[in-house]
Amino acid sequence: MNKAYLGLGSNIDDKRKNIDMAVDMLRNSKDIKIINISSYYETEPVGYHDQDWFLNIVVEIDTSLEPYKLLEFCNYIEEKLKRKRIIRWGPRTIDVDILLYEGFDSEDEKLTLPHPRMTERAFVMVPLYEIAPDIKINNIDIKQIIKNLEGEGIRKINYDG
Ligand code: GSY
């Protein structure tokens, strides 16, 4: 089994339901074991601003799928949940991105790992920090990366009240 971290985000329709359905699909795969899930975060859109705020989480998994098979499965989840994405960087039903896959770095444009923009994005780094406070990305301590993030809006949600 290999450790990987996935970033999930939604900003169309019932965002929490979309995220929960994607997590259920991960959980129901015989090739994936969910190890940890961050809190939900409401996050300001990055890239294209004229759209609703996102709901984002990060999930830690152990998986027997090799990286490209895991990518296929992430794409399958997006298809299954009928991802709508009309504008690049624009609104989407669900995004399931591989952020990190232990022991596998790649510059392939189909699957670049670590995810090429993750260290600039509070909506990835803050939930990742919550579940992996000692991790390094490209040999840089996550605490250092978090300190240098721009002031992008992000708010932790407590659905349990
Ligand atoms: O890369 C994921 C899709 N996405 C997001 C996102 O998930 N959250 C926020 N806050 N902004 C985003 N911009 C894009 S594109």
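Every number for a ligand or one of its atoms is a count from 1 in the order of the listing.
- With hydrophobic clusters built from ILVMFWY side chains whose heavy atoms lie under 4.5 angstrom apart, W53 does not share a cluster with I154.
- Atoms of ligand 1 found under 4.0 Å from any heavy atom of R121 (numbered from 1 in listed order, with element): 1 (O).
- For E44, every heavy-atom contact with ligand 1 shorter than 4.0 Å involves the backbone, none the side chain.
- Counting only heavy atoms of the protein, atom 13 (N) of ligand 1 lies nearest to V46 O, 3.0 Å.
- Under 4.0 angstrom from ligand 1, there are no non-hydrogen atoms of N11.
- Residue K143 qualifies as enclosed at atom NZ: its count of foreign heavy atoms under 6.0 Å is above 12.
- The pair K15-D52 meets the salt-bridge criterion, with a side-chain N (NZ, NE, NH1 or NH2) lying under 4.0 Å from an Asp/Glu carboxylate O.
- Listed by number with element, the atoms of ligand 1 under 4.0 angstrom from any heavy atom of D97 are 1 (O), 2 (C).
- Around NZ of K3, the count of heavy atoms belonging to other residues, nucleotides or ligands within 6.0 Å exceeds 12.
- Counting heavy atoms of neighbouring residues, nucleotides and ligands inside a 6.0 Å radius, atom OH of Y76 does not exceed 12 of them.
- Contact annotation: for D95 versus ligand 1, heavy atoms closer than 4.0 Å belong to the side chain alone.
- For atom 12 (C) of ligand 1, the closest heavy atom belonging to the protein is F54 CE1, 3.5 Å.
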Inset, instruction - Check the pair K17 / D20 against salt bridge (charged side-chain N to carboxylate O under 4.0 Å, His left out), numbers first and verdict last. - result: CA-CA 5 Å; K17 189 167 157 213; D20 289 351; over 6 Å; no

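- Between G9 and ligand 1, not a single N/O pair is under 3.5 Å apart.
- Near N56, meaning under 4.0 Å from one of its heavy atoms, ligand 1 places the atoms 6 (C), 7 (O), 8 (N), 9 (C), 10 (N).
- Side-chain N or O atoms of S38 include none that pairs as donor or acceptor with a backbone N or O of E130 at under 3.5 Å.
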